[in-house]
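As structure tokens, the structure follows; a few thoughts come after it.
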Amino acid sequence: MSSPLSVVILAAGQGKRMKSDLPKVLQPLAGHALLSHVLDTAKSLGADAIHVVYGHGGDLVRERLSKEPVNWVLQAEQLGTGHAVAQAMPHIPDDHRVLILYGDVPLIRKTSLEQLLERCDQKSLGLLTVMLSDPTGYGRVVRDGAGNVVRIVEQKDANTKERAINEGNTGLMAMPAASLRKWLAALKNDNAQGEYYLTDVIVMAVRDGMKIGAVVAGTETEVLGVNDKVQLAQLEAALRAERATQLMLQGVTLADPARIDIRGNVTVGRDVFIDVNAVLVGNVHLGDRVRIGPNNYLKDCRIDADTEIHPNCVIDRANIGPRNSIGPFARLRPDAVLHEDVHIGNFVEVKKSELGAGSKANHLTYLGDATVGRKVNVGAGTVTVNYDGVNKHRTEIGDGAFIGSGSMLVAPVKIGANANTGAGSTITRDAPDSKLTLARARQVTIEGWKRPEKKT
Ligand code: UD1
Ligand code: CA
């Protein structure tokens with residue numbers, strides 16, 4: 001059985017090049033903080049403890065991620081990566097393996113880390129490296145004639161020959177805690193940057209007769225660190241492409257895989273079609289043959305089979321049944337529940353309301369805090385007047401009702417089954433079943449009236 005695992009995530013760097021008031025590790029990638037991506041991967045490894053070394057702006061980082069099961073370790077002064085890891089060591093028992101991750105390397109794959117951990121035991125250290133066409137800025141991995149890793153030299157300390165090495169240090173490594181503790185205590189900062197380099201533990205390990213188990217990363221993307229907004233956008237594009245590919249492999253047709261953003265988990269049925277500029281956030285389910293038109297924002301929602309979302313809709317925490325037609329320009333807000341064959345047209349807003357099968361609100365309408373029965377027709381310009389300035393009230397509309405255009409339904413109010421309301425009515429009292437209820441001034445025409453004329 002392998003020994004317990006402690007993960008240490010380095011996240012104390014300032015991220016000056018972001019030119020942002022938001023700490024670097026809180027910058028969003030696919031809608032989640034960089035550090036959250038790393039934490040999710042660390043948690044998936046089943047670590048016994050996760051330590052996050054934080055520094056500048058750290059209070060905000062702790063606050064935003066306060067629900068995460070991590071031990072926060074302050075590094076008050078940024079004296080180097082070795083110094084950063086040393087801050088976490090008092091919390092880590094000798095018999096643990098220590099896996100070191102970076103808070104600003106968000107796309108690291110679980111499988112790569114598992115390979116790294118396989119190389120880590122009492123006699124061996126796991127080191128993740130990467131082959132780079134341009135290794136500028138990276139520490140270089142120096143190997144001996146037999147191909148064994150012997151040390152890492154930082155760019156700023158490297159000579160011309162060392163700078164020509166294309167194998168870069170990713171910074172991610174795994175090793176036994178007791179040895180790491182010993183090596184960290186022996187680090188010196190007599191180098192070009194005056195820092196305590198974590199990378200210097202490699203040469204110490206070799207001196208102690210340990211093997212360096214180098215794992216070369218499969219792709220450059222997964223080990224890319226984010227230092228500025230340009231690199232952030234590059235990783236965003238990489239992640240977008242990866243998630244779009246996953247959807248297509250599940251059978252979804254995408255009008256353009258470069259123009260869909262998935263910021264959460266999407267589950268799909270068969271033959272789903274998604275047009276350009278869709279943004280999918282949180283948990284989204286799209287049933288069989290669902291069609292999503294251009295420019296749609298879908299957040300935490302369920303859309304059942306054969307429903308079409310026309311262009312330019314905002315759908316947030318709504319539950320949409322089968323064979324619905326939504327939009328263009330519709331807004332479905334939290335707790336909108338639509339049964340089968342419902343039509344919601346342009347400039348219609350639905351909040352905390354249930355609409356029964358076959359009901360329609362096709363134009364310019366607000367339905368809030370309403371229970372609408374089956375086969376109801378809601379005319380253009382209808383408003384459920386649900387708010388008296390202090391409290392919200394409910395509107396109930398029975399099956400088969402016909403709400404005339406421009407009706408104001410002043411809640412709390414009930415419209416009976418198969419009732420009609422006349423166009424332009426302000427309904428303040430319940431309207432009975434199967435009758436026409438009107439509430440508007442009677443139309444008059446003034447006989448003998450003349451238009452005023454201009455005085456000369
Ligand atoms: C480091 C490695 C280098 C590697 C590169 C990969 C060292 C000495 N060098 O270089 O070999 O190729 O990463 O990107 O380790 N951090 C702290 N506290 C500190 C310093 C850094 O928490 O005092 C954190 C940063 O927030 C960052 C990570 O450690 O997440 C790496 O720091 P960074 O300054 O980017 O390291 P590099 O000099 O680029
Ligand atoms: Ca870096």
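Order of appearance sets the numbers: ligands from 1, and atoms from 1 within every ligand.
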What residue among D271, T307, D306 forms side chain to side chain donor-acceptor pair (under 3.5 Å) with R289?
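Result for side chain to side chain donor-acceptor pair (under 3.5 Å) with R289: D306.
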
Indicate whether the side chain of [X] and that of [Y] have a donor and an acceptor atom separated by less than 3.5 Å.
X: D157; Y: N191; answer: no
X: T136; Y: Q155; answer: no
X: T129; Y: E167; answer: yes

Any nitrogen or oxygen of [X], main chain or side chain, under 3.5 Å from a nitrogen or oxygen of ligand 1?
X: G139; answer: yes
X: Q75; answer: yes
X: Y138; answer: no
X: Q193; answer: no
X: L198; answer: no
X: G171; answer: no
X: G137; answer: no
X: V53; answer: no
X: D104; answer: yes

Is the closest heavy atom of A11 to ligand 1 under 4.0 Å?
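It does; at least one heavy atom falls under 4.0 Å.
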
Sub-4.0 Å heavy-atom contact, G80 with ligand 1:
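Checking ligand 1 against G80, which is what was asked, there is a heavy-atom contact under 4.0 Å.
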
Number the atoms of ligand 1 from 1 as they appear, then name those within less than 4.0 Å of a heavy atom of [X], with their elements.
X: E154; value: 2 (C), 3 (C), 7 (C), 8 (C), 9 (N), 10 (O), 11 (O)
X: Y197; value: 8 (C)
X: A84; value: 17 (C), 18 (N), 22 (O)

Below 30° counts as parallel, above 60° as perpendicular, anything between as tilted: where do the rings of H37 and H32 land?
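Answer is perpendicular, since the angle exceeds 60°.
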
Given L79, T81, V105, V223, which has its nearest heavy atom closest to atom 7 (C) of ligand 1?
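Shortest heavy-atom distance from atom 7 (C) of ligand 1: T81.
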
Closest heavy-atom pair and its distance - [X], [Y]:
X: A11; Y: V25; answer: CB-CG1, 3.9 Å
X: V284; Y: L298; answer: CG2-O, 3.7 Å
X: S359; Y: G373; answer: OG-O, 2.7 Å

Spell out, as yes or no, whether a donor-acceptor pair under 3.5 Å connects the side chain of N312 to the backbone of A330.
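Not at all, since once roles are kept as given, no pair shorter than 3.5 Å links the two residues.
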
Pick one: which of V350, V385, N386 meets side-chain contact (heavy atoms from CB on, under 4.5 Å) with Y366?
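Checked V350, V385, N386 against Y366; only one passes side-chain contact (heavy atoms from CB on, under 4.5 Å): N386.
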
Location of contacts on T170 toward ligand 1, heavy atoms closer than 4.0 Å
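Within the 4.0 Å criterion, T170 contacts ligand 1 through backbone atoms alone.
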
